[in-house]
Number of protein chains: 2
Amino acid sequence: MSQNNIRNMDEFAALCGISRPTISKYFFDPNSVRPSTRDRIEAALKEYDYRPNIYAMNQNRRLTKNIGIVVPYLADPFFAEIARVIERRCIDAGFTPTLFSSHGDQNQEIAILDTLRSLRPAGVLLAPLGRASDKAQIEEFCRDVPTILFDSNIEGVGAAFVGSDNFSFVSQTVEYLSRTGNVPCFFEMRDPANPNANKRRHAYLEMMRRLNLEPHLVKIDGAGWGFEEIGRLGALKVLKEGLLPTDTVLCSNDRLAIGFLSACHELGIRVGRDEDCTIRLASHDDHPYSRFTCPSLTTAAHDYEAVSDYAVETLFRLIDAGGALETREETLFAARLIMRGSA
Amino acid sequence: MSQNNIRNMDEFAALCGISRPTISKYFFDPNSVRPSTRDRIEAALKEYDYRPNIYAMNQNRRLTKNIGIVVPYLADPFFAEIARVIERRCIDAGFTPTLFSSHGDQNQEIAILDTLRSLRPAGVLLAPLGRASDKAQIEEFCRDVPTILFDSNIEGVGAAFVGSDNFSFVSQTVEYLSRTGNVPCFFEMRDPANPNANKRRHAYLEMMRRLNLEPHLVKIDGAGWGFEEIGRLGALKVLKEGLLPTDTVLCSNDRLAIGFLSACHELGIRVGRDEDCTIRLASHDDHPYSRFTCPSLTTAAHDYEAVSDYAVETLFRLIDAGGALETREETLFAARLIMRGSA
DNA sequence: ATATAATTTTGACGCGCGTAAATAAAAGCT
DNA sequence: AGCTTTTATTTACGCGCGTCAAAATTATAT
C-alpha cells in the first residue's frame with residue numbers, strides 16, 4: 001500500500017482511470033457498477049487506501065447509510081447483548097450503526113432522538129424507555145424517521161414492533177411452577193418502568209384463571225432502573241414481614257429475581273428445589289447473569305437472536321420500501337423455558 | 001415555537017438580523033460572540049428551532065466536536081457504567097460523544113479505529129482490548145488522533161493513561177485477607193486478556209513477599225471475555241480436584257469471582273466469614289453486580305467517577321493544547337476496600 | 001469627545017461529494 | 001454486422017457551512 005496523498009474522490013478517480021461519478025456510484029452500492037469496473041476500483045482501493053469523506057457524502061446523499069440503535073439502559077447486559085447482535089447485522093449489511101443509551105432517563109431519550117434527527121439516519125431501531133417515554137415526542141420522531149420499535153411496544157407508534165411474547169414467557173413459567181409444586185405468586189414493582197411488566201402481570205392473571213388457581217400479586221415499591229436493589233429491598237420487606245402468600249415466587253424479570261436471591265441469602269433462606277429449600281423462585285428474560293446466580297435461575301428466555309435478526313430485517317425492508325410499510329406489523333417471539341436450580 | 005421552514009444558516013441569519021459568519025462563530029463557541037448578540041441568537045433559536053447541518057459543519061471545520069469512546073466489552077456492566085459517566089461529561093462540555101464497543105474482538109477494535117479516523121474526532125478515549133489489541137495499529141492511530149488511554153494501559157501509546165492502581169487494589173485485599181484469616185491464594189486466568197490482570201498478579205506476589213507469606217497462584221484455563229463461565233469451570237475443576245492450597249481465595253476480578261461463587265453453590269460449598277463457611281472469597285473491581293451475589297462480594301472498588309472525570313478532563317486539556325501534551329502522563333487512582341459477606 | 005480595541009458585516013471562495021442530463025462506449029443479442 | 005440495452009463519461013451545478021480579508025460598526029477607555 002503506497003503512501004496515500006489522495007485528497008478527494010477526483011484524485012482517486014484519476015488514479016483509477018475511472019470517472020468520479022462512477023466511483024461515487026460504487027461507494028453508494030458496489031453492486032451498482034459492472035463487475036469489471038468494480039474490480040478495478042477495488043484493486044485501486046487496495047493500493048491507495050482511499051476513503052470518501054463521510055461528511056461530504058452524507059451531506060448530499062438523499063439517504064445516509066446511518067442506522068441509529070437506541071436502548072433504554074445499556075448497563076443492563078440484556079440490552080448490551082441485543083445491541084451487539086443488531087450492530088453486527090447492520091455493519092454486515094453495509095450500514096453504519098450508532099449506539100445510544102437513554103440511561104433510563106426521559107430527557108436523555110428525547111435528546112437522543114434530537115441528535116438522531118440531525119444524523120438523518122436511513123432508519124432507527126428504538127427500544128423505548130416505556131412508561132417513562134414522552135410518547136408524543138417519540139410519535140413525532142417516528143413520523144419523520146423510519147423507525148422500528150423493539151423490546152418495548154408503544155401502540156401504533158413506529159413502522160413496526162418486534163419483541164418477545166410476554167404471554168409465552170409467563171404461561172410457561174406459571175405452568176411449570178404450578179405443575180411441579182405450589183401455586184406461584186407474582187413478584188413485581190408497583191409501578192413498572194417497562195410495559196412488558198404490565199403484559200406479564202396480565203398474562204399471570206390470565207394463566208392462573210385458566211388453571212383455576214388463585215392469583216397473588218406481590219407488589220413492591222421502588223423507582224428507576226436499579227431493579228436488583230429494588231428487588232432486594234422489596235424481598236427483604238416481604239420476607240421479614242411474612243407477606244409471601246406461597247412458597248413459590250415468580251418474578252416479573254430476572255433482575256428483580258437477582259435482588260430477591262440476594263435478600264434470601266441475607267436472611268438465610270434457601271432457594272431451590274431441594275428438600276432443605278423453603279422457597280422456589282423463577283423469573284423471565286434469561287439475563288446473561290441468571291445462570292451464575294446462587295442458585296442459578298429458572299427462567300424463560302428471550303429468543304435474542306430471533307428478535308434482533310427480525311428487527312433488523314424489518315428495518316431493512318422498511319428502508320427499501322422508502323420509509324413506510326403497508327401496515328404496522330407487530331411480531332412477537334416465543335420464550336423458551338430454562339430450568340435451572342432455583343425452581 | 002413557530003413552524004421552522006428554515007433550510008440553512010443563511011435563512012436563520014436573516015431571521016436573526018445577524019450575519020451568517022457571526023452565527024457560524026456562535027455555533028462553534030457561544031462564548032466567542034458578544035453577550036448581546038448571543039442573547040439575540042438564542043432568542044431566535046428558541047423561536048425558530050434551527051439546527052445547523054452537522055455534515056456541512058464537520059466537513060469544513062478544522063476540528064469537529066466529536067469524541068470517540070471505545071470500550072473493549074460493553075456487555076460488561078463495568079464498562080457500560082464508565083461509558084455512561086464519560087458520555088455525560090462530554091455532552092456537558094458541548095461535545096458529541098459516540099460510543100463503540102470492540103466486543104472483545106481485535107478485528108472490531110481495528111475497524112472502530114478506522115471508523116473513528118473518518119469521523120475526524122477532536123479526541124478519543126480508548127480502553128484497549130489489552131493483550132488482544134493490535135498494538136502497532138493502535139499506536140499508529142494515536143499518532144494521528146489525540147487519544148487518551150484508559151482502564152488498560154499500553155506503554156508509551158496515546159497522549160496519557162488514566163486508570164486504577166492495581167497495586168492499591170491487591171495490597172488492600174491481600175492485607176485484609178491475611179490479617180483476618182488464612183493466607184489468600186490468587187485465582188486467575190492462565191492467559192488473561194487484560195494487562196491489569198498481570199499487574200494484579202505481580203502486586204499479589206509483591207505483597208506476599210512483603211508480608212513474608214508464601215504465595216500461591218491458581219491458574220485456570222479459558223479464553224475470551226466470558227469470565228463468569230471461565231471462573232465457574234475453573235473453580236469447579238480446582239474444587240473437585242482439591243487443588244486449592246488455602247481456604248482463602250482472591251480472584252483477579254469480580255467476574256471470575258461470580259463464576260467461582262456459582263461453582264461453590266453447585267458443589268454445596270459455603271462461602272463467607274461465618275463459621276459454617278469453608279471458603280473465603282474476595283476480588284477486585286466492585287462490579288455493579290458484586291453486591292447482589294450470594295454472598296455479596298468483598299472487593300476492592302474502582303473510583304469510577306475519578307477515573308472517568310480525570311480521563312475526560314485530560315482529554316479536554318489535550319484538545320485545548322492542540323493534540324499533544326508535553327509529556328505522557330500516567331495517572332492511577334487508588335482502590336477502596338469494600339467489605340461484604342464473602343470474606 | 002476622541003482614540004483604541006473588540007466585534008460584526010460584507011462579499012467571496014472553497015470543501016468534497018451527490019446528482020442530473022446528454023453523450024459516448026461497451027456488452028449482449030439475433 | 002447491426003441492433004438494443006446496459007453501463008460509463010463529460011460537464012456542470014448545488015449542498016450548507018467554514019473561513020478569510022477588508023470594511024464598517026460598536027464598545028471601552030482616556
Side-chain angles (χ1 to χ4, degrees), chain A residues 4-45 48-66 94 96 117-122 322, chain B residues 4-45 48-66 94 96 117-122 322:
Chain A
N4 61 320
N5 306 318
I6 306 175
R7 318 200 130 279
N8 53 40
M9 205 177 268
D10 267 315
E11 290 188 21
F12 179 69
L15 262 58
C16 278
I18 292 176
S19 73
R20 189 174 66 73
T22 303
I23 306 279
S24 171
K25 208 153 166 267
Y26 167 86
F27 277 112
F28 179 73
D29 177 9
N31 291 314
S32 68
V33 301
R34 202 187 296 147
S36 61
T37 36
R38 183 163 60 239
D39 290 346
R40 283 167 64 199
I41 295 174
E42 276 163 6
L45 227 39
Y48 299 109
D49 186 37
Y50 160 75
R51 302 189 55 177
N53 180 310
I54 55 164
Y55 297 112
M57 263 176 54
N58 287 331
Q59 179 180 16
N60 299 314
R61 273 224 247 271
R62 303 183 192 294
L63 208 58
T64 70
K65 286 280 188 181
N66 295 333
T96 306
R117 274 176 198 278
S118 56
L119 245 43
R120 292 177 43 234
Chain B
N4 61 320
N5 306 319
I6 306 175
R7 317 201 130 280
N8 54 39
M9 203 178 268
D10 266 314
E11 291 189 20
F12 179 69
L15 263 58
C16 279
I18 292 177
S19 73
R20 191 175 65 76
T22 304
I23 306 280
S24 171
K25 210 155 166 263
Y26 166 85
F27 276 112
F28 180 72
D29 177 10
N31 291 315
S32 68
V33 301
R34 203 186 295 147
S36 59
T37 36
R38 183 164 59 238
D39 291 346
R40 285 167 62 200
I41 294 174
E42 276 162 6
L45 226 39
Y48 299 110
D49 184 38
Y50 162 75
R51 303 187 55 173
N53 179 309
I54 57 164
Y55 297 113
M57 262 176 55
N58 287 331
Q59 179 180 17
N60 298 315
R61 276 225 246 270
R62 300 184 194 294
L63 208 57
T64 70
K65 286 279 189 183
N66 296 333
T96 305
R117 274 176 198 277
S118 56
L119 246 42
R120 293 177 43 236

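Computation of the quantities below employed the complete heavy-atom set of this structure, encompassing side-chain atoms and omitting hydrogens, waters and symmetry-equivalent molecules.
Side chain to side chain, A:Tyr50 and A:Glu11 fail the donor-acceptor criterion of an N or O pair below 3.5 Å.
Rounded to an integer number of Å, the gap from CG of A:Asn58 to C1' of D:dG16 is 14 Å. Put simply, CD1 on A:Ile41 is 14 Å from P on D:dT7, counting in whole angstrom units. The CG-P distance, from B:Asn53 to C:dG16, rounds to 17 Å in whole Å. Atom CZ of A:Arg120 is separated from atom P of D:dC15 by 13 Å (rounded to the nearest Å). D:dC15 atom C1' lies 13 Å from atom CD of B:Glu11, rounded to whole Å. Between A:Gln59 atom CD and D:dC15 atom C1' the separation is 5 Å, expressed in whole Å. In this entry the distance linking CZ of A:Phe27 with C1' of C:dG18 reads 14 Å, nearest Å. The distance between atom CD1 of A:Ile54 and atom C1' of D:dC15, rounded to the nearest whole Å, is 17 Å.
Between B:Tyr55 and A:Asn60 there is no side-chain heavy-atom pair separated by less than 4.5 Å.
Between C:dG18, C:dG16, D:dG18, one nucleotide has an atom nearer to the side chain of B:Asn60 than all others, and that is D:dG18.
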Could you list, one pair per line, each protein nitrogen or oxygen that sits under 3.5 Å from a nitrogen or oxygen of nucleotides 6-10 of chain C, together with the distance?
residue	atom	partner	partner atom	Å
C:dT7	O3'	B:Arg34	NE	3.4
C:dT7	O3'	B:Arg34	NH2	3.4
C:dT8	OP1	B:Arg34	N	3.0
C:dT8	OP1	B:Thr37	OG1	2.4
C:dT9	OP2	B:Ser19	N	3.0
C:dT9	OP2	B:Ser19	OG	2.7
C:dT9	OP2	B:Thr22	OG1	2.7

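A distance-only check finds a donor-acceptor pair linking the side chain of B:Arg38 to the backbone of B:Pro30 [under 3.5 Å]. Side chain of A:Lys25 to main chain of A:Ser32: a donor-acceptor pair is present (N/O by atom type, distance under 3.5 Å, no hydrogens or angles). Between the side chain of B:Arg120 and the main chain of A:Asn53, no donor-acceptor pair closer than 3.5 Å is present.
Distances shorter than 4.0 Å separate none of the side-chain N or O atoms of A:Tyr26 from OP1 or OP2 on D:dT7.
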Passes side-chain contact (heavy atoms from CB on, under 4.5 Å), A:Thr22 versus A:Val33? Steps please.
-> CA-CA 7 Å; A:Thr22 303; A:Val33 301; 4.1 Å; yes
